[in-house]
Amino acid sequence: MEEAEVEEQKQTAAVHRSKGVVYGNGRPLDYKTCPYHSTFRKPVLVTKCCYTSILMAFWFLFDHHFLKNSTHRPDPDTPRTYPSGWDLVQQPHVWCSNLYGYEITSPPTLRKRKASWKSNPHHTLEPYIELVSEKLKMLCKEGLVFLAQNYFNTTVAGILSITILVLVSKVWWRQRRKNVGGIPGYLGLPFVGETFSFLSANNSTKGCYHFVRLRRLWHGRWFKTRLFGKIHVFVPSAEGAKAIFSNDFVQFNKGYVKSMGDAVGEKSLLCVSHENHRRIRRLLADPFSMTSLSKFVKEFDDMLSKRLKKLVKDGKSFVLLDFSMKITFDSMCNMLMSLRDESTLRQIEKDCTAVSDAMLSFPFMIPGTRYYKGIKARNRLMERFREIISRRRRGEESPEDFLQSMLRRDSYPSNEKLDDSEIMDNLLTLIIAGQTTTAAAMMWSIKFLDENREAQERLREEQLSILGKKEHGELLTLEDLNKMSYGSKVVKETLRMSNVLLWFPRVALGDCRLEGFEIKEGWHVNIDATCIHYDPDLYKDPMQFNPSRFDEIQKPYSFIPFGSGPRTCLGVNMAKLTMLVFLHRMTGGYKWTVDDPDPCLEKKAHIPRLRSGCPITLKTL
Ligand code: HEM
């Protein structure tokens, strides 16, 4: 791209930033190619009006021209049948044209119809001419032609005015609703709303956030839409996020669909009521505290070092996303249930993927559907977890892991322990909530560092200095990770830019106001973390990968990749530690080349991930 072009693009971007345009997923909106970049809702309608008028005018002139200039007279000997009055009403065009006594040659649709009439000997075009000539005998020819011309022009004028009226009233109606309802936006038809646009964005390589990005361009920072029959408001500000997070469970609650509850289980942290949530979360939290995770750090480091060594020895390109999905899954199953057998792990992973796919599907138990497969997979998983729990209760095995720490509470009072179904549902929840998110973040960290060599070299320097103080082959400890100050900033900047969870959904439990905007009971409010993380007022040059921006303390609720409040991510520490260990091994021991720079996102993925999975080749330093 030429320098002038780049400059122009930057200026356009600056204008859009000042209007509150959001760039999601670490990928800028391409101003050169995006057909919508300067298009707002109203101009779209005005343009539609103009196009329609021009088309109608063309049709009128075209038709008139052919009527007047046609020399093709109908064959008077063709067999005739007479049309009914209704046929005549449906074909005023034919009627008008025949008043001139000539065959119709336009518009194309009529030509097609004429062909079909001809193929049917009992229904030809000629009867119209016969009818007209009969009428002509009865009426004064000049008078009728005058009438017909008037009728033709009136029809065209009528259609034109109705079209323009409909479009103008649409603009007016939209404008009126903006003022009355408070939050701008387009709700579309009942139930359907903009669901199809959302699904189409989700099914494209721009990712589902593209849907949000476009609406923000059209309506402004705050907007509402209707998806799957529910009204959704996208909350774009740190202040809005604060208001929702600090009223979680009071004014807002996490809305979950039936398929989600069926897939992960009704005792899952994601689905339980307020009281149960507090108790389950308290009991689950301990194994995820920073101090309890030191064993996890060592085991993950060991697993990662061995796998990377093997890959570099092979010297082949490998898909980073696949690698990170597998290693996060294996390390989590090891930490939760001490599962290490390869074939068992792969079966469980397959079932967990099926459950995860079923979470946002239509809940109909029809064989072959995602929901059906997910429920079957869930049943298999529950059976497996039940077996493991029974073996432990019989004392056949008792490894030190998350599950064992839960079972140790068996003799505690009921509010101090989890029952079996609570343990099993939450084991599944933890695996599903932890695997895809952490794996995607790991992939993005490498992609961003690859595009920002300065940051990569600075991180490498820090990691080599930590590595230099350790024995050869010695595993990382929590203390080592605490020394990685630049590494932590790289992790933060990766999470800010990648927005692994694009927005956090809640449902309003009653009518309320957010930053002066009216929210009705039952509306879905989505805390738009992506918009907040790309807000130029909160982050200077938000498109720039710059870990050093975290030298400064962030404003409250401006950095929320793990959410906030009573529902903050339970695995926040685990995720950060996993990423730090990963970055340490990748930059401290290796260099890499990204083998496919394709920036497109994976289709139908709720978590933004590269379609290519980011294939890389490793080389030892
Ligand atoms: C980079 C990785 C991760 C990111 C970005 C992430 C992000 C989040 C966010 C934003 C939420 C809150 C959503 C909301 O408020 O609606 C959340 C919740 C949760 N996360 Fe994570 N997460 C990550 C990794 C993990 C890991 C590794 C685990 C567990 C092993 C985990 C387990 C959970 C659970 C159980 C919840 C539900 C908490 C509740 O409702 O009380 N996450 N995560």
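Just follow the structure's listing: the first ligand is 1, and inside any ligand the first atom is 1. It should be emphasised that the depicted structure is a prediction, and the values quoted were computed from it without experimental measurement.
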Worksheet item: Between Thr328 and ligand 1, which part of the residue brings a heavy atom under 4.0 Å of the ligand: side chain, backbone, both or neither?
Response: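 Contact part for Thr328 vs ligand 1: neither.
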
Worksheet entry | For ligand 1, the portion of Met579 having any non-hydrogen atom under 4.0 Å away |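 No part of Met579 comes within reach of ligand 1.
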
Worksheet item: With ring centroids as reference points, do Phe402 and Phe288 lie under 6.0 angstrom apart?
Response: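 Ring centres of Phe288 and Phe402 closer than 6.0 Å.
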
Aromatic rings [X] and [Y]: how do their planes relate, parallel, tilted or perpendicular, breaks at 30° and 60°?
{"X": "Tyr539", "Y": "His533", "value": "perpendicular"}
{"X": "His277", "Y": "Phe249", "value": "tilted"}
{"X": "Phe550", "Y": "Phe559", "value": "perpendicular"}

With heavy atoms of [X] as the reference, note each atom of ligand 1 found under 4.0 Å away.
{"X": "Phe288", "answer": "30 (C)"}
{"X": "Arg281", "answer": "38 (C), 39 (C), 41 (O)"}
{"X": "Leu270", "answer": "37 (C)"}
{"X": "Met574", "answer": "30 (C)"}
{"X": "Lys254", "answer": "13 (C), 14 (C), 16 (O)"}
{"X": "His277", "answer": "39 (C), 40 (O), 41 (O)"}

Practice prompt. Could you list the residues that satisfy side chain to side chain contact (heavy atoms under 4.5 Å, CB included) with Arg380, not counting sequence neighbours?
Written response: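 For Arg380, the residues satisfying side chain to side chain contact (heavy atoms under 4.5 Å, CB included) (neighbours in sequence not counted) are Asp351, Lys376, Ala377.
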
I'd like to know if [X] and [Y] make a salt bridge, using a cut-off of under 4.0 Å between side-chain N and carboxylate O.
{"X": "Arg549", "Y": "Glu552", "result": "no"}
{"X": "Lys224", "Y": "Glu194", "result": "no"}
{"X": "Asp420", "Y": "Arg393", "result": "yes"}

Item to complete: Answer yes or no for Lys576: is there a heavy-atom contact with ligand 1 below 4.0 Å?
Response: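 Outside the 4.0 Å threshold, so no.
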
Worksheet item: Touching ligand 1 at all, Gln435? Heavy atoms, strictly under 4.0 Å?
Response: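 In this structure, Gln435 fails to qualify as a contact of ligand 1 - no heavy atom is under 4.0 Å.
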
Looking only at protein heavy atoms, identify the closest one to [atom] and say how far it is in Å.
{"atom": "atom 15 (O) of ligand 1", "answer": "Arg506 NH2, 2.8 Å"}
{"atom": "atom 7 (C) of ligand 1", "answer": "Pro561 O, 3.5 Å"}
{"atom": "atom 12 (C) of ligand 1", "answer": "Arg567 O, 3.5 Å"}

Worksheet item: Do Ser338 and Asp401 have a side chain donor and acceptor closer than 3.5 Å?
Response: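 Distance-only check passes for Ser338 and Asp401.
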
Worksheet item: Can you tell me how far the CZ atom of Arg506 sits from the CG atom of Asn247, to the nearest 0.5 Å?
Response: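 Reported value, rounded in 0.5 Å steps: 11.5 Å.
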
Fill in: Any residue meeting side-chain hydrogen bond (donor to acceptor under 3.5 Å, both in side chains) with Ser414, in chain and number order, not counting sequence neighbours
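Ser414 satisfies side-chain hydrogen bond (donor to acceptor under 3.5 Å, both in side chains) with no residue once adjacent residues are dropped.
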
Worksheet item: Partners of Ser292 by side-chain hydrogen bond (donor to acceptor under 3.5 Å, both in side chains), sequence neighbours excluded?
Response: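 Residues passing side-chain hydrogen bond (donor to acceptor under 3.5 Å, both in side chains) with Ser292: Ser289.
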
Worksheet item: Protein N/O/S atoms under 2.8 Å of atom 21 (Fe) of ligand 1?
Response: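 You should have found Cys569 SG.
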
